[in-house]
Amino acid sequence: MVSRVIPVDAFDLVIFGGTGDLAKRKILPGLYRRFWAGQMPAESRIIGAARADLDDAGFRKLVADAIDEFVSQDKRDEAMIAQFLERISYVSIDATGTGGWDQLKAMMRSGVVRAFYFSVAPALFGAIAERLSSNGIADSESRIVVEKPFGRDLASAQALNATLAAHFAERQIYRIDHYLGKETVQNLMAVRFANILFEPIWKAQYIDHVQITVAETVGVEGRGAYYDKSGAMRDMVQNHMMQLLCLIAMEPPYHFDPNAVRDEKLKVIRALDPVAPQDIVRGQYLAGGGQGGYIEHSENPASRTESYIAMKVHISNWRWAGTPFYLRTGKRMRARASEIAIVFKEPPHSIFDHASGWRENQLVIRLQPNEGMNLMVMIKEPGPGGMRLVQVPLDMSFADALGEEGADIPDAYERLIMDVIRGNQTLFMRGDEVEAAWAWADPIIEGWEGRGEKPQGYDPGSSGPDDALMLMHRDGRRWREIRE
Ligand code: NAD
């Protein structure tokens, strides 16, 4: 398969927070990889902007170190890295101060795309947006990229939207949810809307339920105090898992167009039912394996914040009435695995004896590790001795199916940054989507806070609290095993 890299237009990209963890781990290495792949035109410039008192050489050293650490050996070509570094400069700016903005303005060129990546705490978004516009650094065509978290409830998300809207139009604002940049997540749309095979049965009539799992093996050590203010619902469900749910549940958009896709996602969020307390299980990981538990890591002995949540969600519309979506996500679980499983119903009439091994069809979409899809189908167990059924996967691992290209899937951040330069907002959250997701999440969070509920403990390296298993069992269903 021939690799197709279509260069984007030349750009000036300013990274506020250019010396931060996210810039070093994702943004700068990602940009280098796009440069290496030939997608970033030579005339493009990357400008780091942060508080640190660095010069160009100092920042280039930081970028070179980040490439060394986070780019795989096969792409680390000295000449390439040197060419990339020539495109990099730095300006020392305090987002809340007055110094540095003139210098930044002088660095911007006309005739290229201007993008500003806000890789800083959301509390600084307003100050930066205001200064970009009052200093005439951003114009009506400039784009801004903002990181999560986008608010911690509806009121703060609305305030953040209003702050940005005071200086930028919605078409200029790119709210990153890196889950949407994952290859498999986009493939979900391709599978649904480019094939006749699935869409006719993509509804409550044929789908028994959907499971979405995002399991991590790491705990919150090192950032526990920060995490304790959010928890799994705010950190994972309201944003990433909500986006996955939308892509599974949405109606076909009339066109693969940013607003058409986002309109359909918004309709799904608005159709979500409130979630009953008995359909929610929250957990905190316990100490074990020589490591502290959530309580120690959060440095808050009285913490009621969840490091795990499982919930049953209903979408009240014609397509999904009666088909629950089970979501679960947690830290310190038995394996690092994210997947979506569409679990189909039984055939209406079986000519085979169920005792002979029948299992339901499942379409399993793996987000990590090993992005790919598996369609679980029944076949006859080989050999003589009657009709015994066995479930086998029709395995589509991208790395296998697409050869070298499949093995070399760009990181979500790389793809999303290139989409910003192209001016394509399809994979970014619109302001009304984020607000609708908070409007759904707020009463759920207020519910357990109001009831003073404490999360249940679960063993590190497990699949979560026992009650989460019961959430499924009492409906006559079971979670898929969490494994890499
Ligand atoms: P960080 O603390 O490592 O870096 C913060 C950066 O902001 C630094 O470059 C610092 O110099 C700069 N900064 C701080 N105050 C400033 C000021 N007043 N003026 C100018 N620059 C200032 O943070 P991070 O982990 O890189 O996160 C950045 C943003 O990305 C946050 O909003 C975070 O929530 C979000 N985010 C981070 C990650 C991650 O993996 N690190 C993942 C998702 C989202």
Side-chain angles (χ1 to χ4, degrees), residues 177-214 239-272 313-327 338-345 347 360-368 370-377 393-398 400-402 406 409-410 412 415-416 419 424-430 433 436-437 480:
D177 184 321
H178 69 273
Y179 269 61
L180 289 178
K182 288 181 186 286
E183 186 77 7
T184 337
V185 173
Q186 294 165 67
N187 245 315
L188 189 55
M189 284 188 276
V191 163
R192 282 194 62 193
F193 302 131
N195 296 290
I196 190 71
L197 214 54
F198 294 109
E199 199 49 26
I201 53 169
W202 206 262
K203 53 173 104 166
Q205 192 182 347
Y206 298 106
I207 296 180
D208 179 70
H209 71 278
V210 175
Q211 300 184 15
I212 307 178
T213 300
V214 177
N239 42 31
H240 306 313
M241 297 182 88
M242 177 65 69
Q243 290 296 322
L244 300 181
L245 179 146
C246 284
L247 295 179
I248 301 163
M250 72 183 187
E251 295 301 313
Y254 74 90
H255 190 248
F256 192 56
D257 157 275
N259 277 327
V261 170
R262 298 186 300 175
D263 285 346
E264 296 305 335
K265 280 162 50 193
L266 179 62
K267 287 182 205 163
V268 173
I269 304 174
R270 291 197 171 140
L272 291 174
V313 175
H314 288 283
I315 304 170
S316 276
N317 63 20
W318 272 46
R319 187 185 283 266
W320 294 113
T323 292
F325 283 59
Y326 296 90
L327 317 181
S338 300
E339 64 166 40
I340 298 165
I342 316 289
V343 182
F344 292 90
K345 289 188 172 169
E360 68 279 271
N361 291 136
Q362 297 188 0
L363 176 64
V364 181
I365 299 139
R366 274 193 318 271
L367 308 181
Q368 64 189 20
N370 311 323
E371 293 192 51
M373 295 196 196
N374 253 320
L375 181 63
M376 310 299 288
V377 295
L394 292 180
D395 193 340
M396 197 180 94
S397 149
F398 294 146
D400 294 344
L402 303 177
I409 296 172
R415 170 188 314 275
L416 293 172
D419 277 359
N424 187 334
Q425 289 184 305
T426 310
L427 300 175
F428 296 83
M429 294 180 295
R430 210 168 53 191
E433 260 184 89
R480 283 172 50 82

Self-check item: Heavy-atom pair of closest approach, residues Phe344 and Ile201
Solution: CE2-CD1, 3.6 Å

Self-check item: Nearest non-hydrogen partners of Phe428 and Leu180, listed with the distance
Solution: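 The answer is N-CD1, 4.4 Å.
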
Within-4.5 Å side-chain heavy-atom neighbours: [X] and [Y]:
X: Leu245; Y: Ile315; result: yes
X: Gln205; Y: Lys345; result: no
X: Met189; Y: Leu247; result: yes
X: Gln243; Y: Lys265; result: yes
X: Trp320; Y: Phe325; result: yes
X: Pro253; Y: Asp263; result: no
X: Asp177; Y: Met242; result: no

Under 3.5 Å donor-acceptor, [X] side chain and [Y] backbone:
X: Trp202; Y: Arg192; answer: no
X: Ser338; Y: Gln368; answer: no
X: Gln211; Y: Arg480; answer: yes

Exercise. Please say whether more than 12 non-hydrogen atoms of neighbouring residues, nucleotides or ligands are located less than 6.0 Å from OH in Tyr206.
Key: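 Result for OH/Tyr206: open.
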
Exercise. To the nearest 0.5 angstrom, please state how far the CG atom of Asn361 sits from the CD1 atom of Ile207.
Key: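 Output value for this atom pair is 11.0 Å.
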
Quiz item: How far does CZ of Arg262 sit from CE of Met250, to the nearest 0.5 angstrom?
Solution: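 CE of Met250 is found 12.0 Å from CZ of Arg262.
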
Quiz item: Are Glu264 and Arg430 ion-paired here, with the side-chain N under 4.0 Å from a carboxylate O?
Solution: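 No, this pair does not count.
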
Quiz item: Does the pair Ile365 and Ile248 meet the rule for a side chain to side chain contact (heavy atoms under 4.5 Å, CB included), with working shown?
Solution: CA-CA 11 Å; Ile365 299 139; Ile248 301 163; over 6 Å; no

